[in-house]
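Each chain gets a letter, A, B and so on, in the order the sequences are listed, and its residues count up from 1.
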2 protein chains.
Amino acid sequence: MILIGIAKGGHMTPQVQDSFKALADPTRREILKLLSQDDMTIAEVSTHFDMTRAAVKKHLTILETGDLIRVEARGRERINHLNPDGFAPVFDWLSHFDQFWDDRLSALKDAIEKDLQ
Amino acid sequence: MILIGIAKGGHMTPQVQDSFKALADPTRREILKLLSQDDMTIAEVSTHFDMTRAAVKKHLTILETGDLIRVEARGRERINHLNPDGFAPVFDWLSHFDQFWDDRLSALKDAIEKDLQ
DNA sequence: TAAATATGAAACCTTATGGTATTATGTCAA
DNA sequence: TTGACATAATACCATAAGGTTTCATATTTA
């Protein structure tokens, strides 16, 4: 996996903790899936959940803190869109265990090949 | 990224929520890093943190629920070891956004190439 | 077998979290 | 410019989460 850090102006460097915290809630993970399909206003995101707009807004704020989404003001609306780059710290942290996992996959592959002989 | 699910006896199928929840705490992420180096008893893990063994034990239980570690009884000790396969649900969920991220990288690559012309 | 060791488990405390309701503010449109 | 609309902000509530203390249980080992 290739990781490239790109400095962008106007945003705090997200702590890994903020990213993992943002991902820890099922509603927020669902919001990320939604935003991967379409940019949405807060009201639009809210229609997909059985909770108040205020609650959805809180989730969006936490996602923004984790830098997983970016929010753009457009008139009286706030357009929320996914920030794919924001996942980098998460992938980065997990890569340590990805390697571990790849080793296990290799072992599995070897075992299968041996089994086929 | 290739993902393979392997059924194993004697363990609950971990919900993605349990995995992400387990990863959401910095102490637990630190424990995972420790266990990627060495298998450890609860007491051994505890020496690395400024909290009681009981607290560490709770974290280990949450990690076990998320299937990120496995615990093996040996006499009066409990050997905690990393379960690399347990990360699969996390990688699986994130792969959706990995793709998104790769697309962005491609776009960046294209932009750079175009710029060099 | 008795003492020390390693863990399990329960009760309890404080703070964080996810949710609501209410009120305020800025923007659009007739 | 007034009413409707989209969001912001605050206070508040119930439960979950992270931690401690205390006590019980199972193994070693002297």
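- Here B:Arg78 pairs with nothing under the side-chain hydrogen bond (donor to acceptor under 3.5 Å, both in side chains) rule; sequence neighbours left out.
- Taking B:Leu34 as the reference, B:Met40, B:His48, B:Phe49 meet the side-chain contact (heavy atoms from CB on, under 4.5 Å) condition, with sequence neighbours excluded.
- The distance between atom CG of B:Asp18 and atom P of D:dA16, rounded to the nearest whole Å, is 15 Å.
- Using a 4.0 Å cutoff on non-hydrogen atoms, no part of residues 38-47 of chain A comes near DNA chain C.
- Residues passing the side-chain contact (heavy atoms from CB on, under 4.5 Å) test with A:Lys57, sequence neighbours excluded: A:Ile42, A:Thr61.
- With sequence neighbours left out, B:Ala54 forms a side-chain contact (heavy atoms from CB on, under 4.5 Å) with B:Thr52.
- Looking at residues two or more places apart in sequence or on another chain, you find a side-chain contact (heavy atoms from CB on, under 4.5 Å) between A:Ile62 and A:Ala22, A:Arg28.
- As rounded to whole Å, 14 Å separates atom C1' of D:dA4 from atom CD of A:Glu77.
- Rounded to whole Å, atom C1' of D:dC5 lies 13 Å from atom CZ of A:Arg78.
- For A:Gln17, the side-chain hydrogen bond (donor to acceptor under 3.5 Å, both in side chains) partners are B:Arg29, not counting sequence neighbours.
- Atom-to-atom, NZ of B:Lys57 to P of D:dT25 comes out at 16 Å; the value is rounded to the nearest Å.
- Summarising the geometry, the separation between CD on A:Glu72 and C1' on D:dA6 is reported as 15 Å, rounded to the nearest angstrom.
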Practice item. Could you run through nucleotides 19-30 of chain C and give me one letter per nucleotide, 5' to 3': B if any protein heavy atom sits under 4.0 Å from the base, S if only the sugar-phosphate is that close, - if neither? Key: BBB----BBS--

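- Sorted by first then second residue, the ring-ring contact (aromatic ring centres under 6.0 Å, His included) pairs that include residues 20-41 of chain B, not counting sequence neighbours, are B:Phe20-B:Trp93.
- Going from atom NZ of A:Lys21 over to atom C1' of D:dG18 covers 14 Å, rounded to whole Å.
- For the pair A:Leu35/A:Ile69, a side-chain contact is recorded, criterion being any heavy-atom separation below 4.5 Å from C-beta on.
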